[in-house]
Trainee: 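If you scroll down you'll find the structure; I have some questions about it.
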Amino acid sequence: MSATVPEKPTLEGLEQKFSERWEGEGTYRFDRTRTRADNYVIDTPPPTVSGSLHVGHVFSYTHTDTVARFNRMNGRNVFYPMGWDDNGLPTERRVQNFFGVRCDPNLPYDPTFEPPPTPGKEQVSISRPNFVELCKRLVVDDELAFEELFRRLGLSVDWSLLYTTISDRAMRVAQRAFLRNLARNEAYQQEAPTLWDVDFRTAVAQAELEDREMPGAYHRLVFRGVNDGADVLVDTTRPELLGACVALVAHPDDARYQGRFGTLVHTPWFGVAVPVLAHGLADPEKGTGIAMVCTFGDLTDVIWWRELALPVRSIVGRDGRISAEPPDGVDAERYQAIAGLTVKQAKARMVELLDECGGTVGEPRAITHPVKFYERGDRPLEIVTTRQWYIRNGGREADLRATLVERGRALRWFPAYMKARYESWVEGLNGDWLISRQRYFGVPFPVWYRLDADGEVVHGEPLVPDESRLPVDPSTDVPEGFTEAQRGQPGGFVGDPDVMDTWATSSLSPQVAGRWGDDDDLWDRVFPMDLRPQGHDIIRTWLFSTVVRSHFEHHSLPWHNAALSGWILDPDRKKMSKSKGNVVTPIGLLEQYGSDAVRYWASSARPGVDTAFDEGQMKVGRRLAIKILNASKFVLGTGDVAADARATNPIDRSLLSSLAEVVAEATTAFDAYDHGRARERAERFFWTFCDDYVELVKNRSYGVAGAEGARSASATLGLALSSLLRMFAPHLPFVTDEVWSWCQPGSVHNAPWPTVAEMHAASAGPGDPLVFTVAAEVLGAIRKAKSDVKRTLRTEVVSVVVRDTEARLGALAAAIDDVKEAGRVVGAFETVLVADSDLASTGVTVELAPPDEPTISGSPTSAAPVEAPERSSEPPSETPSGETAVPPAETPVPVAEPSA
RNA sequence: GGGCGUUUAGCUCAGCUGGUAGAGCGCCUCCCUUACAAGGAGGUGGCCGGGGGUUCGAGUCCCUCAACGCCCACCA
């Protein structure tokens, strides 16, 4: 076949051209007729659709794409879907800000509602159906923008497999999985103290917590013995919860309090009698060694409350304010002092009151201490008692926990040390997985409850739909045996008002992407999957929860391998923040440097390693892409390669044997998900190939050494180029397919990954890597001699003396003609044998032809005046391919018409 | 408090099973050379975090310390 090389190759426009071509030709289409063993299946992370993509997305999705492409080229039928995680809090928050609305579930649906053109200062209250409509409207635009960016980035996903987590199909999967969990008692409902975000007004799971160091203060409160009036001093950081105090707790071995255990003390100000109790969790080192137990100040309070069977006396409501009504046992008049205040206001007021009544001693002592926050929240979490849905995750059962740890050990982790994070998380669980959220835009729980004759909800026996009805929305759908008229009526029913947390949906990403339950034929071809790529920050959430769901439903791991990518860091080594990341937009980078260049930067990272954002690397990537264009132009211009052409020349065989090593290393690296190393190996070889090999054989390829030498050079150049293009294809998909299109039918992305056997087959005999190495080194010495005296590389060389060992001189002898051509050696080329024991004597001496013009300063290596013509090499009379011969250098090149 | 990771040239990082310290960027000196000036050639630059060990030999293995980052922890 004949190559069609553009006159001026360019990177411009390749993204557009090839993303369209790949889509049109179905280059990345999953073939669902092939069986599980043929397939390579990726559980792509569905990015959260809540605005714009971040540089970090470009980074990590590129990693996965290189792996997908590598496997595709190795003959695997790649299942590479994309999903949009569009349900959940981020979308709700974005909708609120974007449209200036808030959801009020009590409002009726307004079919004519339109949001204000620009958000006003006051948020407009709208019904839940209206709110959901706006959510869906907003994510459509975002999702289109995401898809465009990912296509431009060159992700080789099969877009026909696209899913969204709010789609009916995903809802059906999530509801079906939940109902099965419920039927097997893996999901349950419980009324219990729950971590609660007062701004979002929803329960929060353990996995979504983060600690933040916050300023606080110890206040020393004075409790008085009911019988003896003796003071018991207690340090607390939360005096506002005094009204919720139900006990004091000290360590059972603490001698200071042993006499008090079992007695009652009065709380200051309120004068409520509470018991002094013993519990091993009390820390004698903290404060005065005795703690105030409130319902509920923190998770330790919950443990004490449960294990010591204490009463509930809660005063903080779901809105983060002190409840209007006092709890049992608290004086109503006194309570009025704080009723209705925010927690923060109540703290200030309570301290005043305590100071006034002598309830405190000393000044507050300022401290900083870790406080639990919802990871997206702005105010500390409170603990309120609510009814919630849970899925068992081993947090309460040691056997299940051990089993899930074992699942994690069976998974292959890249890098391996990430496994430790999984284990420490699972082993540290202290409760089951809270999956219900008191929000609006998510998958509803597919259950209803009966109302008894008094209109009270009967939670114990939820009404569930048949799986064939899924998905259902219990706020509009009706349970079997009821009519809509019975909704909310005594003896009737109500729908569960809650939605599933977004992790409860995305934990089913394999089932959603593989269409579990909807398309079992497909499901059987993709599950268990091969790879879960994701960030290491969501091991405890997404990775673990996916393992849990798969364990319950399929009794297996969801995938065989997990590849964790690191963070993008600012150049100053801080984690790149959203605000900074949005300054440098991904699309801007792709426009400025080209997609291949940005991918080059991204693919340099090792698995799991944080990487600095570095535009310099993008410039390097762009240069590599341009170099590929130019080198390919040269190689493809050396003439067509006959199908049976073999590398016969020793230096050509030498190159192919080096290339075989590179192929082997790149393959090994990719098999271990080390795309960065794979690319680095190919890249290093490529530059040597360009700088040394191409220079060495350039003239021979033109035919200066005869037809056979040219054939051997062309065959080697052609195979090396083809192999390099294929090894670069996973990283630089655009430029490689561009070059491929000049000389081959089809796409490089469907071409086979190069193999060692392929290199051997193209070689007429075994190659000695030393031949090329030594030839390149001698050529380098000749260049250096010219560079040292600031002469042009065209300068002719009148003599070369190489002193080296027998093995290396032997290797050099096999390449001597090419070295002389490339170095412009017109005079003597001597070799001097050096004993292996005398390596210090090795070296290369070069004598250059004198400069044309007399120079004032003589150069050290051209001291001897030698008469030499400036040009002496014979131009090739004919080239084997029959193309136009290269004209002699001294002849001015005429502006010729193209020869027919 | 427990665990994991990192520490190599001014910067970003390779360096795998121990065998004379590497790349790119930057900087310096050159070169328009018929694939490429959006190039090319050459060069400068390192007590491989500190200390101790094992070894003929340690950036690499062991111990220890330190700094930085992250994960986990029942943090009154």
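First the proteins, then the strands, lettered A, B, ... as listed; each starts at 1. When reading the values below, keep in mind they use all heavy atoms of this one structure, side chains included, and skip hydrogens, waters and symmetry mates.
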Trainee: Both distances below 3.5 Å, Watson-Crick or wobble geometry, any strand: find the nucleotide opposite G49(B).
Mentor: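 With both distances under 3.5 Å, G49(B) matches C65(B).
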
Trainee: The side chain of Lys372(A) lies closest to which of these nucleotides: C75(B), A76(B), A14(B)?
Mentor: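 Closest of the options to the side chain of Lys372(A): C75(B).
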
Trainee: Separation of Phe613(A) atom CZ from C25(B) atom P, in whole Å?
Mentor: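 After rounding, the reported distance stands at 18 Å.
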
Trainee: Give none if G26(B) has no partner; otherwise give the nucleotide forming a Watson-Crick or G-U wobble pair with it, both distances under 3.5 Å.
Mentor: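 For G26(B), the partner nucleotide comes out as none, under the 3.5 Å rule.
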
Trainee: Distance between the P atoms of G2(B) and G10(B), in whole angstroms?
Mentor: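 Going atom to atom, P in each nucleotide, I get 36 Å.
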
Trainee: Determine: side-chain N/O of His536(A) to OP1/OP2 of C71(B), distance under 4.0 Å, yes or no.
Mentor: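 No, His536(A) has no side-chain N/O under 4.0 Å of OP1/OP2 on C71(B).
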
Trainee: If you pin Asp691(A) and Asn430(A) to their nearest nucleotides in RNA chain B, which one's is more 5'?
Mentor: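 Its nucleotide being nearer the 5' end, the pick is Asp691(A).
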
Trainee: Report the distance from atom CZ of Arg824(A) to atom P of G40(B), rounded to the nearest whole Å.
Mentor: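 My rounded result for the distance is 19 Å.
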
Trainee: Using a heavy-atom cut-off of under 4.0 Å over every strand shown, decide if Val371(A) touches base, sugar-phosphate, or nothing.
Mentor: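 Since no nucleic acid heavy atom lies under 4.0 Å of Val371(A), the category is nothing.
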
Trainee: Is there a Watson-Crick or G-U wobble partner for C70(B) with both distances under 3.5 Å, and if so, which one is it?
Mentor: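 Paired with G3(B).
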
Trainee: Rounding to an integer number of angstrom, what distance separates C68(B) and C28(B) when you compare their P atoms?
Mentor: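 Approximately 35 Å lies between the P atom of C68(B) and that of C28(B).
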
Trainee: Taking only Lys NZ, Arg NE, NH1 and NH2, and the carboxylate oxygens of Asp or Glu, determine whether Lys372(A) and Glu213(A) approach each other closer than 4.0 Å.
Mentor: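 No, no charged N to carboxylate O under 4.0 Å.
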
Trainee: Which is true for Gln206(A) with a 4.0 Å heavy-atom rule: it touches a base, it touches only sugar-phosphate, or it touches nothing?
Mentor: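 Sugar-phosphate, backbone atoms only, no base.
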
Trainee: Calculate, to the nearest 0.5 Å, the distance between atoms CD and CE belonging to Glu240(A) and Met350(A) respectively.
Mentor: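 Answer rounded to 0.5 Å: 9.5 Å.
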
Trainee: Would you mind telling me which residue lines up with the more 5' stretch of RNA chain B, Lys790(A) or Gln617(A), judged by nearest nucleotide?
Mentor: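 Result: Gln617(A).
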
Trainee: Which part of the nucleic acid, if any, lies within contact of Glu695(A), taking any heavy atom under 4.0 Å across all strands shown: a base, the sugar-phosphate backbone alone, or nothing?
Mentor: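 It contacts base atoms.
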
Trainee: Where the side chain of Arg421(A) is concerned, which of A14(B), C71(B), C16(B) is the nearest nucleotide?
Mentor: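 Of the candidates, C71(B) comes closest.
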
Trainee: Would you measure the distance from the P atom in A9(B) across to the matching atom in A23(B) and give it in whole Å?
Mentor: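 Per the computed distance, 14 Å lies between those P atoms.
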
Trainee: Of all the nucleotides listed (C13(B), C71(B), A35(B)), which has the minimum atom distance to the side chain of Cys690(A)?
Mentor: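 Taking heavy atoms from C-beta onward, the closest nucleotide is A35(B).
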
Trainee: Leu624(A) has an atom CG; how far is it from atom P of C25(B), in whole Å?
Mentor: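 After rounding, the reported distance stands at 12 Å.
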
Trainee: If I pick the C1' atom on U7(B) and the same atom on G46(B), what distance separates them, to the nearest angstrom?
Mentor: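 14 Å, rounded to whole Å.
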
Trainee: With a 3.5 angstrom cut-off on both distances, give the Watson-Crick or G-U wobble partner of A58(B), or none if there isn't one.
Mentor: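 Its partner is none (no Watson-Crick or G-U wobble pair with both distances under 3.5 Å).
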
Trainee: Check whether any side-chain nitrogen or oxygen of Arg794(A) sits under 4.0 Å from OP1 or OP2 of U34(B), and answer yes or no.
Mentor: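 No, Arg794(A) has no side-chain N/O under 4.0 Å of OP1/OP2 on U34(B).
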
Trainee: Measure CD1/Ile303(A) against P/A76(B) and give the value in whole Å, please.
Mentor: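 Result: 13 Å.
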
Trainee: Mind checking if Lys784(A) touches a base, just sugar-phosphate, or nothing, with heavy atoms under 4.0 Å?
Mentor: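 If one applies the 4.0 Å heavy-atom cut-off, Lys784(A) turns out to touch the sugar-phosphate alone, with no base involved.
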
Trainee: Any ion pair linking Glu695(A) and Lys698(A) (charged N to carboxylate O, less than 4.0 Å)?
Mentor: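 A salt bridge links Lys698(A) with Glu695(A).
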
Trainee: Base, sugar-phosphate, or nothing: which does Trp601(A) touch, judged by heavy atoms less than 4.0 Å apart?
Mentor: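 Result for Trp601(A) = nothing.
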
Trainee: Mind calculating the distance between CD1 (Ile539(A)) and P (G3(B)) to the nearest angstrom?
Mentor: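 Between P of G3(B) and CD1 of Ile539(A): 19 Å.
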
Trainee: Expressed as a whole number of Å, how far does the C1' atom of C70(B) sit from that of C30(B)?
Mentor: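 Per the computed distance, 47 Å lies between those C1' atoms.
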
Trainee: Just to be sure I understand the rule, does Ser787(A) reach a base, reach only the sugar-phosphate, or reach nothing, if contact means heavy atoms closer than 4.0 Å?
Mentor: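 Base: the residue Ser787(A), judged by heavy atoms under 4.0 Å, touches a nucleobase.
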
Trainee: Verify the ring-centre separation between Trp601(A) and Tyr593(A): is it less than 6.0 angstrom?
Mentor: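 For Tyr593(A) and Trp601(A), the ring centres are not under 6.0 Å apart.
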
Trainee: Rounded to whole angstrom units, what separation is found between the CD1 atom of Ile538(A) and the P atom of C70(B)?
Mentor: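 Those two atoms, CD1 and P, are 18 Å apart.
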
Trainee: Would you call the rings of Trp304(A) and His279(A) parallel, tilted or perpendicular, where under 30° means parallel and over 60° means perpendicular?
Mentor: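 Plane angle over 60°, so perpendicular.
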
Trainee: With heavy atoms under 4.0 Å as the rule, sort Arg622(A) into base, sugar-phosphate or nothing.
Mentor: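 Touches a base.
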
Trainee: Take Glu683(A) and Tyr600(A), measure what side-chain hydrogen bond (donor to acceptor under 3.5 Å, both in side chains) needs, and give me the verdict at the end.
Mentor: CA-CA 11 Å; Glu683(A) 188 184 6; Tyr600(A) 174 94; 2.5 Å; yes

Trainee: I want to check one thing: is the phosphate of C16(B), taken as OP1 and OP2, less than 4.0 Å away from some side-chain N or O of Arg677(A)?
Mentor: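 Checking C16(B) against Arg677(A), no side-chain N or O comes under 4.0 Å of OP1 or OP2.
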
Trainee: Could you measure between the two C1' atoms, the one in A37(B) and the one in C32(B), and give it in whole Å?
Mentor: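 That atom pair is separated by 7 Å.
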
Trainee: Counting the atoms with a prime plus P, OP1 and OP2 as sugar-phosphate, which does Gly428(A) contact under 4.0 Å by heavy atoms, base, sugar-phosphate, or nothing?
Mentor: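 Sugar-phosphate only.
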
Trainee: With a 3.5 Å cut-off and heavy atoms only, can you find an N or O donor on one side and an acceptor on the other between the side chain of Asp211(A) and the base of C75(B)?
Mentor: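 Answer yes: a donor N or O sits under 3.5 Å from an acceptor.
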
Trainee: Please report the distance separating the C1' of C25(B) from the corresponding atom of C71(B), rounded so that it comes out in whole Å.
Mentor: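 Between the two C1' atoms, the distance is 33 Å.
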
Trainee: So which of Trp413(A), Trp425(A), Phe544(A) actually passes side-chain contact (heavy atoms from CB on, under 4.5 Å) with Ile539(A)?
Mentor: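 Answer after filtering Trp413(A), Trp425(A), Phe544(A): Trp413(A).
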
Trainee: Considering every strand and a 4.0 Å limit on heavy-atom distances, what is the contact class for Lys619(A): base, sugar-phosphate, or nothing?
Mentor: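 Answer is nothing: Lys619(A) stays at 4.0 Å or more from every strand.
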
Trainee: Below 30° counts as parallel, above 60° as perpendicular, anything between as tilted: where do the rings of Phe685(A) and Phe689(A) land?
Mentor: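 If you compare the ring of Phe685(A) with that of Phe689(A), the planes turn out parallel.
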
Trainee: Which part of the nucleic acid, if any, lies within reach of Ile626(A) when heavy atoms closer than 4.0 Å are counted: base, sugar-phosphate only, or nothing?
Mentor: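 Since a base atom lies under 4.0 Å of Ile626(A), the category is base.
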
Trainee: Are any non-hydrogen side-chain atoms of Thr845(A) and Val800(A) less than 4.5 angstrom apart?
Mentor: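 No, too far: nothing below the 4.5 Å cut-off.
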
Trainee: What integer number of Å spans the P atoms of U44(B) and U34(B)?
Mentor: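 It works out to 29 Å between them.
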
Trainee: Base, sugar-phosphate, or nothing: which does Arg212(A) touch, judged by heavy atoms less than 4.0 Å apart?
Mentor: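 Answer is nothing: Arg212(A) stays at 4.0 Å or more from every strand.
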
Trainee: Between G42(B), G5(B), A76(B), which nucleotide gets closest to the side-chain atoms of Asp788(A)?
Mentor: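 Nearest listed nucleotide: G42(B).
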
Trainee: Between G42(B) atom P and Leu793(A) atom CG, what is the distance in whole Å?
Mentor: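 These atoms are roughly 8 Å apart.
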
Trainee: Nearest whole angstrom, please: distance from the P of G42(B) to the CD1 of Ile782(A).
Mentor: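 Going from Ile782(A) (CD1) to G42(B) (P), I get 12 Å.
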
Trainee: If pairing requires Watson-Crick or G-U wobble contacts with both distances under 3.5 Å, which nucleotide is the partner of A9(B)?
Mentor: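 Partner of A9(B): none.
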
